[in-house]
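Values in this document were obtained by computation on a predicted structure and should not be read as measured data. Each ligand, and each atom within it, is numbered from 1 in the order the structure gives.
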Amino acid sequence: MGERRRIVLKMSGEALASSASDETIDAIVVERLAAEIAETRGELDLELAVMVGGGNIWRGTTGAGAGMDRATSDTMGMLGTVINALALQDALEHHGQPTRVLSAVQMAEVAEPYIRRRAIRHLEKGRVVVFAAGMGNPYFTTDTSAALRGAEIEAELLCKGTHGGVDGVYTADPRLDPTATRYDEVSFMEVVSKDLRVMDLTAITFCMDNGLPIRVFDLMAPGNLRKALGGDPIGTLVR
Ligand code: UDP
């Protein structure tokens with residue numbers, strides 16, 4: 001048996017929200033994404049870990065901007081990601097995909113604690129691992145957490161699925177500048193020096209330092225996930 005490819009998928013919390021209503025988590029959207037994840041993992045026989053964000057529920061900076069203690073506000077954000085992780089686990093298991101939620105904040109009744117070697121073991125057994133609570137520290141994002149976990153579990157690729165209609169890395173914000181063009185491939189250095197919007201700088205420099213390439217693609221268009229995880233040239237590759 002050949003070695004299976006190991007990939008981390010970063011999914012924003014907002015990808016689970018409804019575009020049609022004000023639902024925080026839209027069960028239909030979650031079902032659809034889970035179906036695609038389960039099917040793709042099986043077909044490509046991947047070792048797949050998912051880092052789920054929490055922006056649909058709470059962002060640390062929102063509270064901090066309103067005068068809350070930043071660390072407390074960030075903790076609220078981390079707890080939001082746990083809610084999303086459970087929704088995703090539930091939907092993945094509906095689709096026959098065994099899934100384990102590993103939380104960076106201890107929550108024994110709800111999820112296993114994140115233990116690196118246990119995460120790897122689950123992956124080797126064909127389970128999808130959903131990382132909850134980011135990396136467990138305030139002042140960080142789930143993008144940076146995805147990069148960190150990717151390096152820890154020695155993933156070969158970090159797939160960053162977008163949800164706002166921007167399908168890769170552009171020379172400028174395509175929603176504001178109609179002349180903006182998309183890169184097929186771009187270096188970490190260029191992303192940093194031109195301040196291109198991909199992930200936060202901490203995540204980018206971490207990936208650069210640790211040689212973890214990032215594929216940025218539009219997660220919401222059906223079929224895209226399969227292409228991204230399969231290594232097809234979709235969206236933008238940052239390396
Ligand atoms: N967060 C944190 N530490 C982490 C990961 C996340 O403090 O390791 C908090 C942070 O406040 C963040 C919130 O959780 O705003 C939700 O995560 P994020 O904004 O990355 O979610 P996304 O934008 O991907 O939905």
I'd like to know if the side chain of Thr162 and the backbone of Val166 have a donor-acceptor N/O pair within less than 3.5 Å. yes
Is it true that Glu154 and Arg6 have a side-chain N and a carboxylate O under 4.0 angstrom from each other?
no
Ile28 atom CD1, neighbour heavy-atom count above 12 within 6.0 Å:
no
Item to check | Flag if over 12 foreign heavy atoms under 6.0 Å of CZ, Arg70 | outcome: yes
Near Gly136 (heavy-atom distance under 4.0 Å), the atoms of ligand 1 are 8 (O)
Under 3.5 Å, is there a donor on one side chain and an acceptor on the other for Thr141 and Asp143? no
the protein heavy atom lying closest to atom 23 (O) of ligand 1 turns out to be Arg59 NH1, 2.5 Å
Practice task
May I ask you to check whether Tyr114 and Phe131 place their ring centres under 6.0 Å from each other?
Solution key: yes
### Message
Regarding ligand 1, does Lys10 bring an N or O atom to under 3.5 Å of one of the ligand's N or O atoms?
### Response
yes
Is the closest side-chain donor-acceptor distance between Thr144 and Asp200 under 3.5 Å?
yes
Mind checking whether Thr142 has an N or O less than 3.5 Å away from an N or O of ligand 1? yes
In ligand 1, the atoms that come under 4.0 Å of a heavy atom of Trp58 are 13 (C), 16 (C)
the protein heavy atom lying closest to atom 1 (N) of ligand 1 turns out to be Phe140 O, 3.2 Å
Q. Within the structure, does Gly13 bring an N/O atom to less than 3.5 angstrom of an N/O atom in ligand 1?
A. yes
If we number the atoms of ligand 1 from 1 as shown, the ones under 4.0 Å from a heavy atom of Gly55 are 21 (O), 22 (P), 25 (O)
For ligand 1, find out whether one of its N or O atoms is nearer than 3.5 Å to an N or O atom of Gly60.
yes
With heavy atoms and a 4.0 Å threshold, my read on which part of Asn137 contacts ligand 1 is backbone
Which of Glu156, Glu47, Glu124 passes salt bridge (charged side-chain N to carboxylate O under 4.0 Å, His left out) with Arg4? Answer is Glu47
Would you indicate whether Gln106, at its atom CD, is surrounded by more than 12 heavy atoms from other residues, nucleotides or ligands within a distance under 6.0 Å?
no
shortest atom 21 (O) of ligand 1-to-protein heavy-atom contact is with Gly54 N, 3.0 Å
- Query: Does Met76 have a heavy atom less than 4.0 Å from any atom of ligand 1?
  - Reply: no
**Item:** Ala104 heavy atom under 4.0 Å from ligand 1
**Value:** no
Tell me, please: is Ser145 in heavy-atom contact with ligand 1, that is, under 4.0 Å?
-> yes
- Task: State plainly whether the residues Asp177 and Arg175 are in salt-bridge range, i.e. N to O under 4.0 Å.
- Result: no
Paired with Val198, the side-chain contact (heavy atoms from CB on, under 4.5 Å) test is passed by just one of Thr236, Val191, Val192, namely Val191
Nearest non-hydrogen protein atom to atom 8 (O) of ligand 1, with distance, is Met135 N, 2.9 Å
In ligand 1, the atoms that come under 4.0 Å of a heavy atom of Ser12 are 24 (O), 25 (O)
Practice prompt. Examine Asp74 against ligand 1 and note whether any of their N/O atoms are separated by less than 3.5 Å.
Written response: yes
If we number the atoms of ligand 1 from 1 as shown, the ones under 4.0 Å from a heavy atom of Gly53 are 21 (O), 22 (P), 24 (O), 25 (O)
Of Gly77, Gly161, Ala17, the one whose closest heavy atom lies nearest atom 13 (C) of ligand 1 is Gly77
Problem - Test item: side-chain donor near acceptor, His94 and Glu31, under 3.5 Å - result: yes
